[in-house]
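Each chain gets a letter, A, B and so on, in the order the sequences are listed, and its residues count up from 1.
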There are 2 protein chains.
Amino acid sequence: MNPELRTSRPTLMSLAGELGVSRQTISNVINNPEIVKPETRDRVLAAIAASGYRPSAVGRALRTQRSLSIALRLYPAVDGVNGAIMDRFVHSLAVSAQYKGYRISLFAADSADDEVEVIDALHRASSIDVAVLTDTHTGDARPAGLIAARVPFVAFGRPWGADGSSHCWVDVDGSAGTESATRSLRAGGHTRVGFLGWPAGSGVGDDRRAGWARAVSDLPGSSELDLGVEDGAQPGAEAAAELLARGATALVCSSDSLALGALTVCRGLRADGRLPLVGFDDTPVARALGLSSVHQPVELAAERLIGMVDDILDGRTPPEPQQLLTPELVLRDLAPFAQ
Amino acid sequence: MNPELRTSRPTLMSLAGELGVSRQTISNVINNPEIVKPETRDRVLAAIAASGYRPSAVGRALRTQRSLSIALRLYPAVDGVNGAIMDRFVHSLAVSAQYKGYRISLFAADSADDEVEVIDALHRASSIDVAVLTDTHTGDARPAGLIAARVPFVAFGRPWGADGSSHCWVDVDGSAGTESATRSLRAGGHTRVGFLGWPAGSGVGDDRRAGWARAVSDLPGSSELDLGVEDGAQPGAEAAAELLARGATALVCSSDSLALGALTVCRGLRADGRLPLVGFDDTPVARALGLSSVHQPVELAAERLIGMVDDILDGRTPPEPQQLLTPELVLRDLAPFAQ
DNA sequence: TGAGGCTTTTTGATCGATCAAATCCGTAAC
DNA sequence: GTTACGGATTTGATCGATCAAAAAGCCTCA
């Protein structure tokens with residue numbers, strides 16, 4: 001290790017020596033100001049400000065047995081337009097965490113099992129107090145794994161298919177988003193609204209499909225206007241063409257990737273500048289092209305998750321351990337250059 | 001704080017007691033295995049494995065004065081197609097850091113000054129050992145600020161306009177990327193290759209422009225085929241139209257955002273499936289659309305930066321404190337749906 | 001004068017590791 | 001048979017904070 005870098009920072013002891021008070025008094029000024037005599041407090045605060053003293057997070061963590069760090073797995077950049085939603089989430093989480101005095105500690109993993117293993121290892125090493133799971137899916141083994149390892153955690157995403165009350169989570173109601181998108185298209189006069197989604201079986205995908213289905217349940221023949229394909233622009237374009245051939249005049253998609261693909265095919269459907277096409281996730285591409293999309297309130301989700309973390313670590317039971325947030329439909333006119 | 005969560009993890013002391021050896025012996029097995037008698041070592045290793053013991057990162061950090069944490073500022077998700085490059089970088093950094101035993105600690109900031117302040121505070125609190133700067137630009141005050149605060153750091157990006165040897169950095173040679181893109185278009189027969197970039201003045205933008213300029217310096221009249229506009233698809237489309245009007249038959253762009261805008265305008269220039277149009281950053285959108293682009297080796301950059309961090313913290317002088325990496329041109333045929 | 005009850009401050013112990021130095025032990029040399 | 005040596009292991013001190021409890025200071029009142 002490099003000794004040159006060991007800039008001798010002030011410590012409770014060094015500050016106490018200079019000030020002629022005990023270390024505990026300074027500690028109290030920081031953690032329990034109300035029990036210190038006002039004059040003493042002011043004198044100490046001035047000295048703290050002058051010296052630039054900051055309590056060592058390490059010393060504190062050792063004594064209190066709290067690292068105030070939150071583990072978050074970073075997935076490899078996905079090969080598609082989506083994933084941008086995760087950027088926003090990670091940033092929001094960093095902001096909320098910082099605000100409440102926590103730090104986000106990143107890690108990478110090769111698989112779900114590996115993820116649990118890494119989290120467990122970080123936790124056993126007291127590097128982190130708690131983990132945040134993202135991208136929950138049907139048959140997700142991570143919650144059970146973490147419970148077995150006794151690592152506290154919260155999830156961004158419902159425990160699809162499993163018991164929803166076994167742990168804390170926040171999720172966005174995707175079906176509300178697609179339902180709102182579908183009804184908006186119907187309000188525009190469309191009676192043949194198709195759904196361009198993923199193959200049945202994924203929790204998120206089925207949920208988004210369900211919202212569309214609710215909104216078209218009174219329209220006969222709608223079940224033919226439902227296609228499930230792999231995510232991506234090319235599959236989206238092909239499936240969109242098929243849906244139009246079956247008579248659809250408007251489309252709701254499970255992702256902006258699919259919508260991007262559908263864009264070209266749907267150009268003919270344009271009324272005014274707006275396309276009867278709605279994507280999902282409100283990614284930068286959708287904004288750039290002027291594509292309508294469903295916007296997830298990830299900032300809010302992050303804030304709620306950090307609130308739960310705070311409750312858990314302080315020994316409180318989160319008042320609302322499971323929260324479903326409502327997304328917002330963003331309607332846009334196609335960008336001039338894309339028309 | 002919640003006492004229920006204090007699962008009493010094994011410690012050096014508890015393990016030592018059960019095994020009948022001293023704590024230091026176990027410590028040695030972990031940190032200096034070669035000085036421990038093989039039989040003892042095996043016995044200790046078995047006990048470590050059985051108990052699931054992991055050295056407390058906190059205890060270790062307190063003693064060694066090294067947190068093994070690296071600060072990284074997370075920018076708000078930018079409103080554009082770009083920024084995706086940062087995703088890849090952050091992920092790569094997490095991977096490389098983890099591999100070398102470091103952790104990435106995220107934080108958010110409102111401004112450059114705030115960023116320096118937060119980093120300094122984290123450093124004074126011993127939460128981090130070192131910081132990684134990204135998005136360096138002309139007139140960047142952060143390096144000087146961190147040097148003044150005596151916080152070690154490395155940068156992803158050159159110190160544009162400033163002394164390049166004052167600190168460690170890794171950057172990608174943007175001009176080599178645009179030059180290669182331009183030469184590739186010329187090899188395809190084009191003699192009127194335009195450059196669609198940003199207004200002069202930004203280090204990154206001027207560098208990318210310079211690469212194009214080098215590659216067309218022998219073609220008279222090329223200087224008219226250079227436009228600088230704000231980043232974005234709409235400005236890109238408008239500027240592309242103007243360049244074509246001036247006689248350009250091929251375009252090299254400073255970003256995939258600009259290229260996305262140019263895409264529509266350039267459709268007529270297509271020869272076979274490939275467009276004489278090259279973007280920059282190789283973002284997911286470019287891949288989705290089948291747009292040629294310049295790919296930055298961010299994984300390598302991250303690896304090199306972590307290597308430098310490792311050198312700095314261990315008191316070594318990095319053998320190559322400033323590194324310029326070469327990007328790679330990725331040529332693609334337009335996706336069928338986008339044609 | 002000094003005992004009692006506050007408020008305010010200080011002292012001792014502890015969290016879990018590593019460094020540095022001391023001790024232990026078996027073997028070889030004189 | 002004692003000394004010296006080198007490998008293996010153990011002991012004491014320390015990193016920087018907080019908790020818990022003791023001590024000190026101050027005012028009141030008998």
Pick base, sugar-phosphate or nothing for B:Ser56, based on heavy-atom distances below 4.0 Å to the nucleic acid. sugar-phosphate
Among the candidates C:dT9, D:dT10, C:dT18, find the nucleotide nearest to the side-chain atoms of B:Thr64. C:dT18
Quick one: label A:Arg54 by what it contacts on the DNA or RNA (base, sugar-phosphate, nothing), any heavy atom closer than 4.0 Å. sugar-phosphate
Considering only D:dG16, D:dA13, D:dT18, which nucleotide approaches the side chain of A:Leu62 most closely? D:dG16
Where the side chain of A:Val36 is defined as all heavy atoms beyond and including C-beta, which of C:dT18, D:dT18, C:dT9 is the nearest nucleotide? C:dT9
Main-chain N/O of A:Ser165 paired with A:His167 side-chain donor or acceptor, under 3.5 Å: no
Roughly how many Å is it from CG in A:Asn32 to C1' in D:dA20, rounded to a whole number? 13 Å
From C-beta outward on B:Gln24, which listed nucleotide comes closest to its side chain: D:dT18, D:dA17, C:dT18? C:dT18
When we call it a touch if two heavy atoms are under 4.0 Å apart, what does A:Thr40 touch: a base, just sugar-phosphate, or nothing? sugar-phosphate
In this structure, how many angstroms lie between the C1' atom of D:dC26 and the NZ atom of A:Lys37, rounded? 9 Å
Kindly compute the distance separating CG (A:Asp171) from CG (A:Leu324), expressed to the nearest 0.5 Å. 6.0 Å
Out of C:dG16, C:dT11, D:dT10, whichever nucleotide has its closest atom nearest the side chain of B:Thr11: C:dG16
Send over the distance from B:Glu39 CD to C:dG26 C1', rounded to a whole Å. 14 Å
B:Arg63 CZ to D:dC15 P: how many Å, rounded? 7 Å
What is the distance, rounded to the nearest whole Å, between atom CD1 of B:Ile35 and atom P of C:dT18? 12 Å
Side chain of A:Ser27 (C-beta onward), nearest among D:dT18, D:dT10, C:dA17: D:dT18
Nearest listed nucleotide, side chain of B:Leu12, among D:dA17, C:dT18, D:dT10: C:dT18
When you measure from the side chain of B:Ser22, which nucleotide among C:dT9, D:dC15, D:dT10 comes out closest? D:dT10
Separation between OG of B:Ser56 and CZ of B:Arg63, rounded to the nearest 0.5 Å: 14.0 Å
side-chain contact (heavy atoms from CB on, under 4.5 Å) partner of A:Leu146, the single match among A:Leu133, A:Val130, A:Asp120: A:Leu133
Would you kindly give the CZ-to-C1' distance between A:Arg23 and D:dC19, to the nearest whole Å? 11 Å
